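Computed from a prediction, not measured in an experiment: that's the story for all the values here. Only this structure's heavy atoms are used, side chains among them; waters, hydrogens and symmetry mates stay out.
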Amino acid sequence: MEVEGGRGTAQSRATVAEVSRKLSVTEQTYYRWRREYGGMRVEQARRLKELEKENGRLKRLVADLTLDNAILRETTRGNF
């Protein structure tokens, strides 16, 4: 399979193996990325990464607050 590069005015074609080697990733990683981000524009992919990062931060926050809540519940019951 060949991959098209759209930089500049001249379009170049390279095989997936060449592109993977240049990016220092496996062909499997290339195909996974293509499946995940293939239909997105660059701005959309960046926004997705930002949202995933924020989502992870918020999940950690919820976990911390849940733990704090459980600790407070235990201490108010006198079971410490």
Side-chain angles (χ1 to χ4, degrees):
M1 176 175 193
E2 292 186 344
V3 180
E4 288 187 25
R7 294 213 169 162
T9 55
Q11 296 252 340
S12 62
R13 290 185 177 263
T15 65
V16 172
E18 292 169 342
V19 172
S20 299
R21 198 172 20 258
K22 185 175 181 178
L23 295 173
S24 300
V25 297
T26 64
E27 288 185 46
Q28 181 180 6
T29 299
Y30 169 82
Y31 286 115
R32 183 172 40 85
W33 286 348
R34 190 173 118 190
R35 185 181 67 239
E36 190 171 343
Y37 305 110
M40 292 185 185
R41 293 187 309 267
V42 174
E43 312 86 53
Q44 291 173 319
R46 282 189 185 128
R47 182 67 178 142
L48 175 63
K49 284 294 184 185
E50 289 172 7
L51 291 172
E52 287 174 342
K53 186 177 178 180
E54 183 180 3
N55 192 30
R57 184 182 66 80
L58 292 172
K59 283 183 178 182
R60 284 189 299 279
L61 251 171
V62 168
D64 289 344
L65 290 173
T66 302
L67 181 60
D68 290 347
N69 192 0
I71 291 170
L72 288 172
R73 231 181 283 130
E74 285 293 319
T75 55
T76 58
R77 288 187 198 145
N79 296 335
F80 55 94

Side chains of residues 19-26: which donor-acceptor pairs under 3.5 Å do they make with residues two or more places apart or in other chains?
{"unit_1": "Ser20", "atom_1": "OG", "unit_2": "Val16", "atom_2": "O", "d": "2.8"}
{"unit_1": "Thr26", "atom_1": "OG1", "unit_2": "Thr29", "atom_2": "N", "d": "3.1"}
{"unit_1": "Thr26", "atom_1": "OG1", "unit_2": "Thr29", "atom_2": "OG1", "d": "3.0"}

In a table with atom names and distances, give each donor-acceptor pair under 3.5 Å that connects a side chain of residues 51-67 to protein atoms at least two apart or in another chain.
{"unit_1": "Arg60", "atom_1": "NH1", "unit_2": "Gly56", "atom_2": "O", "d": "3.4"}
{"unit_1": "Thr66", "atom_1": "OG1", "unit_2": "Val62", "atom_2": "O", "d": "2.7"}

Can you list the residues that meet the salt bridge (Lys or Arg N to Asp or Glu O under 4.0 Å) rule with Arg41, with sequence neighbours excluded? Glu43

Is the shortest side-chain heavy-atom distance between Val42 and Arg46 below 4.5 Å? yes

Listed partners of Gln28 passing side-chain hydrogen bond (donor to acceptor under 3.5 Å, both in side chains), at least two apart: none

Atom NZ of Lys49 and atom CD of Gln44: how far apart are they, to the nearest 0.5 Å? 14.5 Å

